[in-house]
> 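A single structure is presented below for examination.
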Amino acid sequence: MIRTRIAPSPTGFLHLGTARTALYSWAYARHHGGKFVLRIEDTDVARSTQDSVDQILASMHWLGLDYDEGPIYQMQRLARYSEVAEKLIAEGKAYRCYSTPEELEATREAKRARGEKALYDGRWRPAPGKTLPSIPAGVAPVVRFCNPPDGDVTWNDLVKGPITINNREIDDLIIMRTDGVPTYNFAVVVDDWDMQISHVFRGDEHINNTPWQINIFNALGVPLPQFGHCPVILGDDGQKLSKRRGAVSVTAYEEGGYLPEAMLNYLARLGWSHGDDELFTRVQLVSWFDGSHLNRSPAQWDPAKLLWVNAQYMKLADDQRLASLVAGQLAKLPVPLHVEPDGRLQGICALFKDRCDTTVALAAWASKIYGDVAPDEAEKKQHVTDSVRPALALLAEKLAQCAWDKPAIAAAIKETLAGTGLKMPQLAMPVRVLVLGTAQTPSLDAVLALLDRDTVLARLGRA
Ligand code: GLU
């Protein structure tokens, strides 16, 4: 049975990197008809918040990453971690350490001064014939894992291939803190074991943790999952994607007017490929994603490509759905516009979606229709000239009387052209500038039909 999980820490929004590994874990489980588990790693009590949990759940939902079990909260499993820690202590595979932070720092300093790696000195690690220091009064102990002192830890990483780390590089890590809260590396093992996780996909910042985890799995005598470490995502400056370099949360893209299916497509493709396919559906992703073709080298976040992908999905999106999204965007404008996602807004979406790469861009067009518009001064000067003013007046006269639909508006435009001898662009450009603020719009009759007569006449009147 394939069982995967995603284990975000609720110390902020769902990061794009975590979203991508969530997506791979989800797709892998779905591909194999397995289970996908959501676990909330909230042991960093000081930094974990309910608000972050809510944001993460909302982002998972938005991306359509449905989970079969969870959310499981680590802080609700403290008794289980203690139980396993006690078992390891009883078996001589873990021990209580009473070193104070000051002592530890002094040892580390001394090691650094000798040019050695600042590892724990093993003072409290029991060994046959070894006399341990006497237990100091008033010091709450941590629990440390007896890491094997030497030998290699090797695993065949699903993404990176074989990885080997020598045990001399790592020390007896703390598995339980003085307050009875487990550390990440311990909780993750107990959980992956209890939740029978078969495949772990996560960011490669965890590669250095994996040998400890493997050693703990082995000490417990339980089966290991397979590990796949996905490389970091780089910003367009080649540095690790970070807040300073732009949006890093899924939420920011939702708010920025991206469609979840575009985000899913882009994130999946960022670090994985299926031939030359750039656009694919969820169903295709699930049928193709078998854990192979994951890139070993870092992917670069490409905002322009994401926009392109989103634009493709905008074209395909249903107008009713777009209208609801655009209504939401309009309500968030600095000067909010409260508009029903009715047939009119759907018509606007149908007409403009081909030229918009986000729903924010689409809302900008809608706001020109529902709100007011300030014509671009340079364009106004260029197109709204004395030679066209009589034609604009004539058109206004005809529009004041005609039926208010696209064919009648088209006829009024045609009659105005015939009556003035102007060519279509000579009339259409100034009308567009006056009515929508810019000379670049879809076909004039369709645009005017989306506005009401009074608004069009008022805007033409500004000529
Ligand atoms: N809470 C860890 C993180 O967010 C999970 C790492 C893992 O998947 O093991 O990085």
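Order of listing sets the numbers, starting from 1, for every ligand and every atom in it. Throughout, residue positions are numbered sequentially from 1 according to the sequence presented. All values below come from the heavy atoms of this structure, side chains included, with hydrogens, waters and symmetry mates left out.
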> So which pairs with a foot in residues 72-82 pass salt bridge (charged side-chain N to carboxylate O under 4.0 Å, His left out), sequence neighbours left out?
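Pairs touching residues 72-82 that pass the test: Arg77-Asp191, Arg77-Asp194, Arg80-Glu83, Arg80-Asp194.
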> Between Lys305 and Glu278, is the closest basic N to carboxylate O distance under 4.0 Å?
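Result for this pair is yes, salt bridge flagged.
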> Given the rule in the side chain to side chain contact (heavy atoms under 4.5 Å, CB included) test, do Trp212 and Asp171 qualify, once you have shown the distances and angles that lead to the verdict?
CA-CA 9 Å; Trp212 271 314; Asp171 55 7; 3.5 Å; yes
> What salt bridge (charged side-chain N to carboxylate O under 4.0 Å, His left out) pairs are there with at least one residue in residues 316-335, not counting sequence neighbours?
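Output for this query lists Glu261-Arg321, Asp319-Lys353.
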> So which pairs with a foot in residues 170-205 pass ring-ring contact (aromatic ring centres under 6.0 Å, His included), sequence neighbours left out?
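For residues 170-205, and leaving out neighbouring residues, the ring-ring contact (aromatic ring centres under 6.0 Å, His included) pairs sorted by first residue read Tyr28-His199, Tyr28-Phe201, Tyr184-His206.
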> Residues around ligand 1, heavy atom under 4.0 Å from any ligand atom, sorted by chain and number. Can you pull those?
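The 4.0 Å shell around ligand 1 contains Arg5, Ala7, Ser9, Glu41, Tyr184, Val188, Arg202, His206.
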> Would you say Val142 and Trp124 make side-chain contact, with heavy atoms under 4.5 Å?
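No, too far: nothing below the 4.5 Å cut-off.
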